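Heads up: the structure comes next, in structure tokens.
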Amino acid sequence: MVTTERPPHRLRAWMLEGLSDMGKAGGHTGPHAEPEPPHQGQRWWRVMCLTGVDYFSTLGYQPGIAALAAGLLSPVATIVLVIVTLAGALPVYRRVAEESPHGEGSIAMLERLLSFWQGKLFVLTLLGFAATDFLITITLSAADASTHLVQNPHLTSALHDKQLLITLLLVALLGAVFLKGFLEAIGVAVALVGVYLTLNVVVVITGLWHVVTAGHVVTDWSSALTAEHGNVFVVIGVALIVFPKLALGLSGFETGVAVMPHVRGDAGDTEEHPAGRIRDTKKLLTTAALIMSCFLIATSFITTVLIPEKEFKTGGQANGRALAYLAHEYLGSAFGTVYDISTIAILWFAGASAMAGLLNLMPRYLPRYGMAPHWARAVRPMVIVFTLVAFLVTWVFDANVDKQGGAYATGVLVLISSAAIAVTIAAHKAGQRGWTIGFAVISAVFLYTTVVNVIERPDGVKIGACFIAGIVLVSLLSRLARAFELRVTQVQLDDMAERFIRDMSHRRIRFIANKPGLRDKAEYRDKIEQIRIDNDIPMTEDFVFAEVTVTDPSEFEAGLTVRGEVLHGRYRVLTLEHSSISNALAALLLHVRDMTGCTPHIYFEWTEGTPFANFLRFFLFGQGEVAPVTREVLRLAEPNRARRPRVHTG
């Protein structure tokens, strides 16, 4: 096929550098270098640090948000959260690692359960919440990094009231790095996580030492807790109700599964059976969950009992930086500044990890659905789009960590709930009754947590709905714009079909497009007679029928298998299966032309109905007014009119 392209403009060439067919097998799917060769990769604990820049960095703001949300109940509610993490989220994602060992995650598991448009719309909805999760990770992390910078004692006076500007600059810097070209460096993640966790260990030990040496703080806290909530059973009951507000501490599991392809595994692993990778990913998930659980309990306890309640509120010195407050208070300004720098670095890198996650996630689905513009397969245009959206979110939330907590928690909880439902269905299909019941209970817990979070903090579902609406709208517009593309990836003919075409190549190749009905002798005899009359074709010319059965009309690209058969002893019929009749016929004609060197002809009858109704039938169900659409697909696929197959309609 010959096409003529104009030399690209320098800016356009730079923007679209690395453009590839992400939806096709082997296509590059993100901003990173090409995937590592089979059986290569990194040790699981190093890859855990890549997850950790997202997961562990939440310690920068989680204790402060927990104290604001749960007050004196924060340590008890955090214990409930840890139980849900270890007994709920961890088993769910260990199962996700088994079911989806190539990094697709729970969305791919659910995608396999549904077909047609309802499956596509369901995935788009989950992508909306995933976009909420990742984008709020970028903006929330940048906002908290700017909080640590602005409230550092050495910089407070100089940077007062400039938090929004600093946050926007951090987001812009993140976008600039990705425009230049960003390779996810596991070595950098290991260094950042190692330093950050070490500093947090020092802060926690120091905090616990002050709690022990000043024993009255625990007594004061327990007395205030009892006075406010009554006996211990009431405290536990209220903590069970309050813990959904602390759902930020559950973030990181979806990222943990997404980085699976980087895990080395065993030498004997194959892409079909990566047993070592699955085992080591389970180690990764378990170790990260245990480390984070210990930090969550310890930090929520020391911050609650050591920091005055007023300091957690907006304008307070511990707002969004509770552990940094303790670092400055008990370890001095020098250590506190080092802690601030470490926190800012890991929070910024968490944003980078989230941006990489977005750039990897969207191309995994949208191009395959035909729901992404051509330029969306390139990294740089998408970086600009996501950066602009992050600017908007930062401005709407005024770079406030507390205000973004609800939106972040909603995205996290929806993804975890969908993962729990996916593994419940997987266990049921596998006939594992015990696991099915267990995962069903976990699903109910996460669904309850999600509903409570949405009711109490509706901002999360509102912004999630905005992302969903935006993704669905852009996706449908893109699908409309690409409706007439040739969407057949390959054509395979069986022996009989190939024999028909070889025989016709010695004379004029004529096909009749036929919508199969009863497939009796009268149907084919009458069809040939009608085509001869409409197009004034001599009786000496013969035809081969082409019949297309529509499979899943929501699929954008698919291969085409053509089978030949002889019906009623005389009528040669090619049967095709594809998501679109017009695309299947156009691909068949182009393949026959290339195979024989002859120009094939195809004959249609006009379809009854209005053009608009027929276009909707074509767009949604792959049918409709086939003749003009087939001609349009051929026109776009073959610009050279002399080589284009002929379409006749009578």
Side-chain angles (χ1 to χ4, degrees), residues 30 32 41-59 62 81-82 84-110 126 129-130 133-134 137 141 184 186 189-190 192-194 196-197 247-265 274 276-296 346 349-358 360-361 364 408-409 411-420 422-423 426 439 442 446:
H32 313 314
Q42 302 283 338
R43 298 291 296 274
W44 66 267
W45 58 269
R46 290 176 61 84
V47 182
M48 182 188 72
C49 293
L50 189 58
T51 305
V53 294
D54 177 16
Y55 196 18
F56 300 143
S57 67
T58 57
L59 290 172
Q62 169 75 7
L81 176 68
V82 166
V84 172
T85 298
L86 298 180
L90 180 57
V92 163
Y93 278 94
R94 284 170 63 93
R95 182 60 178 256
V96 171
E98 288 182 13
E99 300 286 341
S100 181
H102 303 297
E104 302 96 332
S106 58
I107 295 178
M109 292 177 62
L110 290 169
L126 289 180
F129 283 110
D133 182 3
F134 285 122
T137 296
S141 297
E184 217 167 39
I186 292 179
V190 171
L192 285 175
V193 169
Y196 184 67
L197 291 184
L248 285 175
L250 291 167
S251 66
F253 281 101
E254 196 75 25
T255 311
V257 174
V259 299
M260 276 191 75
H262 292 287
V263 177
R264 180 180 298 169
R277 182 195 297 171
I278 293 172
R279 183 198 63 238
D280 286 351
T281 301
K282 289 182 177 180
K283 290 181 185 177
L284 180 159
L285 294 169
T286 303
T287 304
L290 289 172
I291 292 172
M292 191 62 175
S293 295
C294 293
F295 273 111
L296 284 173
I346 196 170
F349 208 78
S353 180
M355 179 70 84
L358 277 170
N360 279 327
L361 185 66
R364 201 182 291 275
Y408 187 27
V412 170
L413 286 170
V414 169
L415 290 181
I416 293 180
S417 298
S418 67
V423 299
F439 286 134
I442 294 171
F446 283 124

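None of the values given here were measured: they were computed from a predicted structure.
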Is any side-chain heavy atom of [Y] closer than 4.5 Å to one of [X]?
X	Y	value
V190	Q42	no
S141	F349	no
K283	T286	no
M48	T287	yes

Quick check: closest heavy atoms across [X] and [Y], and the distance to 0.1 Å?
X	Y	answer
S106	V96	N-CG1, 4.0 Å
M109	S100	CG-CB, 4.2 Å
I346	L192	CD1-O, 4.3 Å

With side-chain contact (heavy atoms from CB on, under 4.5 Å) as the test, would you mind laying out the steps for L413 and F129 before giving the verdict? CA-CA 9 Å; L413 286 170; F129 283 110; over 6 Å; no

Which residue, I416, T281, V423, forms the side chain to side chain contact (heavy atoms under 4.5 Å, CB included) with Y93?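 With Y93 as partner, side chain to side chain contact (heavy atoms under 4.5 Å, CB included) holds for just one option, I416.
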
Anything under 3.5 Å between a donor and an acceptor, one on a side chain of residues 49-59, the other on a protein residue two or more places apart or in another chain? List them.
unit_1, atom_1, unit_2, atom_2, d
D54, OD1, Y408, OH, 3.4
D54, OD2, T255, OG1, 3.0
S57, OG, V53, O, 2.7
S57, OG, D54, O, 3.0
T58, OG1, Y55, O, 2.7

Separation between CD of Q62 and CG of L81, rounded to the nearest 0.5 Å: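 If we round to the nearest 0.5 Å, Q62:CD and L81:CG are 6.5 Å apart.
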
How many angstroms lie between CD1 in I278 and CD in E99, if you round to the nearest 0.5 Å? 9.0 Å

Using side-chain contact (heavy atoms from CB on, under 4.5 Å), reason through R264 and D280 one step at a time and then give a plain yes or no. CA-CA 8 Å; R264 180 180 298 169; D280 286 351; 5.8 Å; no

Go through it in stages, so that I can follow the logic: the residues are F253 and V92, the test is side-chain contact (heavy atoms from CB on, under 4.5 Å), and I'd like the CA-CA distance, side-chain angles, deciding distance and then a yes or no. CA-CA 9 Å; F253 281 101; V92 163; over 6 Å; no

Please step through side-chain contact (heavy atoms from CB on, under 4.5 Å) for the pair V84 and F446, ending with a clear verdict. CA-CA 9 Å; V84 172; F446 283 124; 3.6 Å; yes

Taking R277 for the side chain and P101 for the main chain, is one N or O donor matched with an acceptor at less than 3.5 Å? yes

